[in-house]
Every structure is written in structure tokens, then in C-alpha cells.
*Asks:* 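Supplied in C-alpha cells, the structure appears directly below.
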Amino acid sequence: MCIVGIDPGRDKCGVAVLNSGGEILFEKVIETAEFEIILKNLLAQYNLTLAILGDGTTHKNAEKILRGLNLPVKIVDEKHTTEQARREYWKKNPPRGWRKFLPTSMQVPPEPVDGIVAEILVKRNL
């Protein structure tokens, strides 16, 4: 049994697949235009039983696609997930060089954290 978390956005989406034990099987930031194709591939690859969908930007379009794929959807509040994902990013990727002397709360991750947001959405709802 696997759950897919989705942080929908206008241009990009965070997608993460976790098993029932909370292990991350897939995590990626994708282009919104590729959302349906990638979800079809994830459905074929994993035994997805539920989609946890953040209630942010463009979630209604993502919900329509998920329901079209016959995947049950639970829409959840995304409040403060980006801030939490930034903290988690720095735990997974500790700053090196001169950056390690600056508090991570003052730094912006050098890549999008939408995939980590999707992971957080699932973990909040396991």
C-alpha cells in the first residue's frame, strides 16, 4: 500500500510516494504539464491507494486528473509546509563551506522544495 503526496502548482508540482511505513519511494519536482503522464506511470509502478493533495494553487485541476485515474483523493491544508520543507531540506543537505556559518533560517535552498512538501503532506496524514 502506497500513498502519493502532491503539492500542486501552476508551473511545477511536488510529487512523493511513500509506503505505509513512511519510507520515501519516489520524490521529485515535475512540470505541471507532465503531471498526468507521471501519475499514470506511478500508478503502474506502485500500488497507490490514496492521493494526498495540497489545497494550494491549481489543486482543482490536479484533483480532476486524479479522479479521472480512479485514485481516491484527500485534500489537505498546506499551511506552513513550505517553511517546514525548507528546514527539512537543510537537514537532508547540510550547508557546506561558508554557508555552514549562516543560520539555515536565513538561507533559501538552491532548488525547489515542492517534492519535500509532498512528502510532508503524506507524513502528516499517515
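Quantities reported herein were computed from a predicted structural model and do not represent experimental measurements. Residue indices begin at 1 and follow the sequence shown.
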*Asks:* If every non-hydrogen atom of Ala118 is compared with every non-hydrogen atom of Ala16, which pair is closest and at what distance?
*Replies:* CB-N, 3.6 Å

*Asks:* What's the spacing between Asp114 CG and Thr32 OG1 if we round to 0.5 Å?
*Replies:*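 It comes to 9.0 Å.
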
*Asks:* Which residues end up grouped with Leu48 if you chain together Ile, Leu, Val, Met, Phe, Trp and Tyr wherever their side-chain heavy atoms are less than 4.5 Å apart?
*Replies:*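 Val4, Ile6, Val15, Val17, Leu25, Phe26, Ile30, Phe35, Ile38, Leu39, Leu42, Leu43, Tyr46, Leu53, Ile65, Leu66, Leu69, Leu71, Val73, Ile75, which link up through side-chain heavy atoms under 4.5 Å apart, make up the rest of the cluster.
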
*Asks:* Do Asp55 and Val76 pass the side chain to side chain contact (heavy atoms under 4.5 Å, CB included) test, and can you show the C-alpha distance, the side-chain angles, and the key distance before you say yes or no?
*Replies:* CA-CA 6 Å; Asp55 65 353; Val76 297; over 6 Å; no

*Asks:* Hey, is CD1 on Ile37 packed in by over 12 heavy atoms from elsewhere, all under 6.0 Å?
*Replies:*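 Atom CD1 in Ile37 is not packed in, count stays at 12 or less.
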
*Asks:* Roughly how far, to the nearest 0.5 Å, is the CD1 atom of Ile24 from the CG atom of Leu18?
*Replies:*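 Between atom CG of Leu18 and atom CD1 of Ile24 there are 5.5 Å.
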
*Asks:* Which residue pairs pass the side chain to side chain donor-acceptor pair (under 3.5 Å) test with at least one member in residues 33-43, sequence neighbours excluded?
*Replies:* none

*Asks:* Specify the closest pair of heavy atoms between Gly9 and Thr58, including all atoms of both residues, with the distance to one decimal.
*Replies:* O-OG1, 3.2 Å

*Asks:* Between Glu63 and Arg67 (salt bridge meaning N to carboxylate O under 4.0 Å), is one present in this structure?
*Replies:*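 The answer is yes: the pair qualifies as a salt bridge.
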
*Asks:* As an exercise, state the distance from CE of Met1 to CG of Leu50, rounded to the nearest 0.5 Å.
*Replies:* 8.0 Å

*Asks:* Which pair of heavy atoms, one from Pro8 and one from Cys13, lies closest together, and at what distance?
*Replies:*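 Between these two residues, the closest heavy atoms are CA-SG, 3.9 Å.
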
*Asks:* Between Thr57 (side chain) and Arg10 (backbone), is there a donor-acceptor pair under 3.5 Å?
*Replies:*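 No; judged by distance alone, with no hydrogens or angles, the pair does not exist.
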
*Asks:* If you take all heavy atoms of Pro112 and Lys12, which pair is closest and at what distance?
*Replies:* CB-CE, 3.8 Å

*Asks:* Is a side-chain donor or acceptor of Gln107 paired with a backbone partner of Arg99 at a separation under 3.5 angstrom?
*Replies:* yes

*Asks:* Output yes when Glu88 and Lys92 qualify as a salt bridge under the 4.0 Å nitrogen-oxygen rule, no when they do not.
*Replies:* no

*Asks:* First locate atom NZ of Lys79, then atom OG1 of Thr81, and finally report the distance between them rounded to the nearest 0.5 Å.
*Replies:* 11.5 Å

*Asks:* If you take all heavy atoms of Thr104 and Pro95, which pair is closest and at what distance?
*Replies:* CG2-CG, 3.6 Å

*Asks:* Work out which heavy atom in Arg124 is nearest to a heavy atom in Glu78; give both atom names and the distance.
*Replies:* NH1-C, 4.5 Å

*Asks:* Within this structure, what is the OG1-CZ distance for the pair Thr82 and Arg87, rounded to the nearest 0.5 Å?
*Replies:*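 Rounded to the nearest 0.5 Å, the OG1-CZ separation comes out at 10.5 Å.
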
*Asks:* Heavy atoms, side chains only, cut-off 4.5 Å: are Lys74 and Asn125 in contact?
*Replies:* yes

*Asks:* Atom CG in Asp7, atom NE2 in His59: separation rounded to 0.5 Å?
*Replies:*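 Atom-to-atom, Asp7:CG and His59:NE2 are 12.5 Å apart.
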
